[in-house]
Enquirer: 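For reference, the structure I am asking about is given below.
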Amino acid sequence: MKLLTLNCHSWHEENQHDKIRHLAETIKEKDYDVIALQEVNQSIHAELLYGDIKKDNFGIILLQELEKIGIKDYLLVWSFSHLVYGIYEEGVAILTKHPILAEDAFFVSQSTDNTYWKTRKIVGVQIHYQGVPISFYSCHMGWWIDEDEPFKQQADRLLQQINKDGLAFLMGDFNNSASLSQEGYDYLIGQELHDTYELAEHKDHGTTVEGKITGWNDNKEDLRIDLILANSPINVQSSRVIFNNRNKSVISDHFGVEAKVVIPRASSRESLQ
């Protein structure tokens, strides 16, 4: 199974449509099974398309670009988290080409006010893959040290909400550096989550942010804050950073992470419990 997570930084990028096309071409080439996207934005005043999704939703534009190059089998699930700069409705999304059995969206922040920029929401889906139901969550979390919205409380809410019946993947921008001990990353691993990067037979440096970006304004180090975590130890063939100018061109202020994981067939499902 091929997985991708990316914080898109959508509609804040120069040459945004070129970058969407590059993302679409990469999805076609790589043939990902599940894609978790964060900062999936749409204009506040754009025309409503269906549900709460508007015509210029980044995910919708991405699907349109995929269709132009012959890829029509991806489904989009998106949920609105909070407003950005009074212009955009920011959300999280999952794209998958497998039938969706169930979908979910829930707040992990104390705030549920969509006008508050620290409000955090998670979107999840469950799919069937080789006869096995698997749950996926696109996560965009807050920071470890935050007086208003501390990460630990958000992580606890996330772990309370995820489907515990079988295998689950938590994918996204966790806003906690894996190199900082006794903070958010260590807390997640201490809750019996497993980092596919650490499990991978083949991997690179893992850096997903270089230099200063929004939310890390004083950053002077390379960061690994975009993660693919599993609730069970699994066979991970590879973990690679993508869209970093070494493996595909940069398309966001975050690099993405792609992983190849081996999912046992239904007959081996007990090994995942």
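Only this structure's heavy atoms are used, side chains among them; waters, hydrogens and symmetry mates stay out. From a predicted model like this one, the values you see are computed outputs, not experimental measurements.
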Enquirer: Does atom NZ (K260) have a neighbourhood of more than 12 heavy atoms from anything else shown, all under 6.0 Å?
Expert: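 It does not: K260 NZ has 12 such atoms or fewer within range.
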Enquirer: Other residues, nucleotides and ligands only: do more than 12 of their heavy atoms fall within 6.0 Å of CD on E192?
Expert: no
Enquirer: Report yes or no: do K248 and T26 form a side-chain donor-acceptor pair below 3.5 Å?
Expert: no
Enquirer: Quick one: salt bridge (Lys or Arg N to Asp or Glu O under 4.0 Å) pairs with a partner in residues 68-85, sequence neighbours left out?
Expert: E65-K68
Enquirer: Let's go through I27 and L62 carefully: what are the C-alpha distance in whole Å and the side-chain angles of both, what is the deciding distance for side-chain contact (heavy atoms from CB on, under 4.5 Å) to 0.1 Å, and is it a yes or a no?
Expert: CA-CA 10 Å; I27 291 171; L62 176 58; 4.1 Å; yes
Enquirer: Can you list the residues that meet the ring-ring contact (aromatic ring centres under 6.0 Å, His included) rule with Y74, with sequence neighbours excluded?
Expert: none
Enquirer: Go through K54 and E89 one step at a time and tell me if the salt bridge (Lys or Arg N to Asp or Glu O under 4.0 Å) criterion holds.
Expert: CA-CA 10 Å; K54 296 179 179 176; E89 296 174 346; 3.2 Å; yes
Enquirer: Not counting sequence neighbours, which residues clear salt bridge (Lys or Arg N to Asp or Glu O under 4.0 Å) with D146? List them please.
Expert: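 With sequence neighbours excluded, D146 shows a salt bridge (Lys or Arg N to Asp or Glu O under 4.0 Å) to K118, given in chain and number order.
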Enquirer: Considering residues at least two apart in sequence or located in another chain, which fulfil the salt bridge (Lys or Arg N to Asp or Glu O under 4.0 Å) criterion with D104?
Expert: none
Enquirer: Between W144 and F151, how do the two ring planes meet: parallel, tilted or perpendicular, split at 30° and 60°?
Expert: tilted
Enquirer: Could you list who else is in V250's hydrophobic cluster, with ILVMFWY side chains joined at under 4.5 Å, directly or through other members?
Expert: V241, F255
Enquirer: E67: which residues meet the side-chain hydrogen bond (donor to acceptor under 3.5 Å, both in side chains) condition with it, sequence neighbours left out?
Expert: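 If we apply the side-chain hydrogen bond (donor to acceptor under 3.5 Å, both in side chains) test to E67, skipping adjacent residues, there are no hits.
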Enquirer: Restricting to side-chain hydrogen bond (donor to acceptor under 3.5 Å, both in side chains), what partner residues turn up for S238, sequence neighbours left out?
Expert: none
Enquirer: Which residues pass the salt bridge (Lys or Arg N to Asp or Glu O under 4.0 Å) test with D52, sequence neighbours left out?
Expert: none
Enquirer: Looking only at the side chains, is there a donor atom on one of N57 and Q42 sitting less than 3.5 Å from an acceptor on the other?
Expert: yes
Enquirer: For E198, enumerate each residue passing the side chain to side chain contact (heavy atoms under 4.5 Å, CB included) test, keeping only those at least two apart in sequence or located in another chain.
Expert: Y185, D195, K203, R224
Enquirer: Not counting sequence neighbours, which residues clear ring-ring contact (aromatic ring centres under 6.0 Å, His included) with H12? List them please.
Expert: H9, Y85, Y88
Enquirer: Should F80 and Y50 be counted in the same cluster of Ile, Leu, Val, Met, Phe, Trp and Tyr side chains packed under 4.5 Å apart?
Expert: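 Yes; tracing contacts between hydrophobic side chains, which count when under 4.5 Å, links both residues.
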Enquirer: Rounded to the nearest 0.5 Å, how far apart are CG of D173 and NE2 of H254?
Expert: 4.5 Å
Enquirer: Under a plain distance cut-off of 3.5 Å, with no hydrogens placed, do S109 and S111 share a side-chain donor-acceptor pair?
Expert: no
Enquirer: Which atoms form the tightest heavy-atom contact between Q110 and E149, and what is the distance?
Expert: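 That would be N-OE1, 2.9 Å.
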Enquirer: Which residues pass the side-chain hydrogen bond (donor to acceptor under 3.5 Å, both in side chains) test with S10, not counting sequence neighbours?
Expert: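 S10 satisfies side-chain hydrogen bond (donor to acceptor under 3.5 Å, both in side chains) with no residue once adjacent residues are dropped.
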Enquirer: Give every residue pair that meets the salt bridge (Lys or Arg N to Asp or Glu O under 4.0 Å) criterion with at least one member in residues 234-244, sequence neighbours excluded.
Expert: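 The answer is R240-E258.
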Enquirer: Looking only at non-hydrogen atoms, find the nearest pair between S232 and L167 and report the distance.
Expert: CB-CD1, 4.1 Å
Enquirer: Provide the closest heavy-atom pair for I60 versus I53 in the form atom of the first, atom of the second, distance.
Expert: CG1-CG2, 3.5 Å
Enquirer: Does the side chain of D226 pick up a donor-acceptor pair with the side chain of T5 at under 3.5 Å?
Expert: no
Enquirer: If you take all heavy atoms of D204 and Y197, which pair is closest and at what distance?
Expert: O-OH, 2.8 Å
Enquirer: Are side-chain N/O atoms of S252 and E13 paired as donor and acceptor at under 3.5 Å?
Expert: no
